[in-house]
2 protein chains.
Amino acid sequence: MDSAACALCCPARAAHLPMLIDSLTHPTPDALLTFLRAQLHARVTLHLAGEVEVLYAGRATSMAEAGDRLLLLKPDGSLQVHGPRGVKPVNWQPRTDHLSAELEDGCVVLHAERRSPAEVVRVRVIGCAQVTALHLGDEALFLLQGSEAQMQAALARTPDLIEPGLSVLNRELLVGVGGIDLYARDAQGRFVVVELKRGKAGHEAVHQLARYVQAVREQVPGTVRGILAAPDITVPALKVAQAAGLEYVKVEALPQVPEEALQPTLF
Amino acid sequence: MDSAACALCCPARAAHLPMLIDSLTHPTPDALLTFLRAQLHARVTLHLAGEVEVLYAGRATSMAEAGDRLLLLKPDGSLQVHGPRGVKPVNWQPRTDHLSAELEDGCVVLHAERRSPAEVVRVRVIGCAQVTALHLGDEALFLLQGSEAQMQAALARTPDLIEPGLSVLNRELLVGVGGIDLYARDAQGRFVVVELKRGKAGHEAVHQLARYVQAVREQVPGTVRGILAAPDITVPALKVAQAAGLEYVKVEALPQVPEEALQPTLF
DNA sequence: TTTTAGATATCGCGA
DNA sequence: TCGCGATGTCTAAAA
């Protein structure tokens, strides 16, 4: 591999913007090791394209034979190894307590460890086509519309959307294990437990609601109603709800923040 | 931005290995558009570092203001936009039915759509520091040890690991909603419902077991035991289990596939 | 296509 | 740190 020559003859090192810090093409193992050691603990993001083997041991154990992969190392210590398909990495480590690069048998080996849970990912770089160090800067402003938290806030403001005459007593009320999304009282003065789902509700949501309703019934006298509020529900879940004496109310997921309002700002 | 000159003077285009197809540093929007259009539908993996804005609309709606990001486009049509932290992308599209690159107001804009669910991700590239086209080849051999399926198979072979005298009648027995991991009979001839968890079991697992046990009790006469088999359990979950008359049995997660057996193959 | 259950889920919050 | 629940969860398998 005539990689040192390449790295020297065409180094894309001129960083016109502060973002691109350094980049090597087809480096030798030695050059790669020097590069990694210089950048690893420098709050930079590294991506590396090359042929690698990966070994993971922790909650489970996995091994991947040599293959073309894309590595991503972020300044928070997270590591991911991507293959040719899917959003999910082939191997990963969400957070590393210890990260190091060594030379073993002529190959650079990355070692990413974390405790709690005790896990280790070892990446052996057999060949490196390109490695780049970037400064990704701080997190940019990010807005998400349509989360369950926003749905909860909207319905807490206008509980009539669930049922006329409903008045909210609490949000995120802790009752034993877990929290009740909305705790309310209906027009007849009965207590109502409301479980929200931002998407289609499955039977797990019904069971969750059932647990909360039972917990409340053990603590307060009188009738306690349970309402599952979601934009949709699976057929089996609806049957389970009806059998358990729980109600389903269809509510729209998004309080319509229109594209027109977002579009001009961004594009 | 004198990017065209840079792309021409130091193009890391010489692909010493078949993996690296092409790479540009600080391309102009026009050069980037040409590059993307040439590579987008060519079964290659693209990664792009630059300043981008992202707009997502679908199950929810999100917008990210301009920031330094790393884009990853795989040949299966998946797209992900990474920020400086975490394994999870800031924005993504697991699968695209339509992918295109356009020039809008002097900026390259990527458009990734999918139907079912109807979702769209728009990425506006304000500045591109580096873009690379790679051939990641086929998926390499990958082995994972320690899945719940493997645990179930192991315990079905040797149910004595759960309790001496236990004999397995069924695996994945369907009973109403959901399936019983292991259905067995103990030394006294009582029916036993076993729920497995490969990691630490929470109270959800206990409730899941309780549902199955109740379903079985409605169908067969006599005593029905419920056993939660997992390598660990949370304290609240254990209390709930004891209160419900359900048992917890500690089982090791991995049937000992030793590092010694894996290590020599890989390293 | 719909539904379910698993995942090395990840991530963030609250006690 | 642990426990818990949401996630644009993703993903594969089964009905």
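Chain naming here is simple, since letters A, B, ... match the order of the sequence lines and numbering starts at 1 in each. A quick note: this is a predicted structure, and the numbers were derived from the prediction, not measured.
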query = Under 4.0 Å between a side-chain N/O of Y56(B) and OP1 or OP2 of dT9(D), yes or no?
reply = no

note = When L182(A), L228(A), I227(A) are each screened for side-chain contact (heavy atoms from CB on, under 4.5 Å) with E195(A), the one that passes is L228(A)

query = Any donor-acceptor pair under 3.5 Å between the side chain of Q208(A) and the base of dG5(D)?
reply = no

request  = Can you tell me the distance, in whole Å, between the NZ atom of K239(B) and the C1' atom of dG3(D)?
outcome  = 12 Å

ask   = Rounded to the Å, how far apart are N91(A) CG and dA9(C) P?
value = 13 Å

request  = Would you mind reading off the distance between E204(A) atom CD and dA6(D) atom C1', rounded to a whole angstrom?
outcome  = 14 Å

request  = Would you mind telling me which of dA6(D), dT7(D), dT8(C) lies closest to the side-chain atoms of S62(A)?
outcome  = dT8(C)

inquiry  = Tell me whether the side-chain N or O atoms of E148(B) pair up with the base of dG6(C) as donor and acceptor below 3.5 Å, since no angle test is needed here.
reply    = no

message = So, does W92(B) get its side chain near the phosphate of dG8(D), meaning an N or O under 4.0 Å from OP1 or OP2?
response = no

task = Consider only side-chain N and O atoms of H98(B) and H111(B), and report whether a donor and an acceptor are under 3.5 Å apart.
result = no

query = When you measure from the side chain of Y212(B) to the backbone N and O of H207(B), does any donor-acceptor pair fall under 3.5 Å?
reply = no

Might you list the N or O atoms of the protein lying below 3.5 Å from N or O atoms in nucleotides 11-15 of chain D, with each pair's distance?
{"from": "dT11(D)", "atom 1": "OP1", "to": "V87(A)", "atom 2": "N", "distance (Å)": "3.4"}

request  = Measure the NE2-CD1 distance between H203(B) and I233(B) for me, rounded to the nearest 0.5 Å.
outcome  = 11.0 Å

remark   = Heavy atoms of R198(A) and P231(A) approach each other most closely as O-CG, 3.4 Å

query = Does D76(B) come within less than 4.0 Å of R85(A), counting only side-chain N to carboxylate O?
reply = no

Dump every N/O contact between nucleotides 1-3 of chain C and the protein below 3.5 Å, one line per pair.
{"from": "dT3(C)", "atom 1": "OP1", "to": "V235(A)", "atom 2": "N", "distance (Å)": "3.4"}
{"from": "dT3(C)", "atom 1": "OP2", "to": "K200(A)", "atom 2": "NZ", "distance (Å)": "2.7"}

query = Is a side-chain N or O of R59(A) found less than 3.5 angstrom from the main chain of G199(B), in a donor-acceptor match?
reply = no

message = Side-chain N or O of R59(A) versus OP1/OP2 of dA7(C): is the shortest distance under 4.0 Å?
response = no

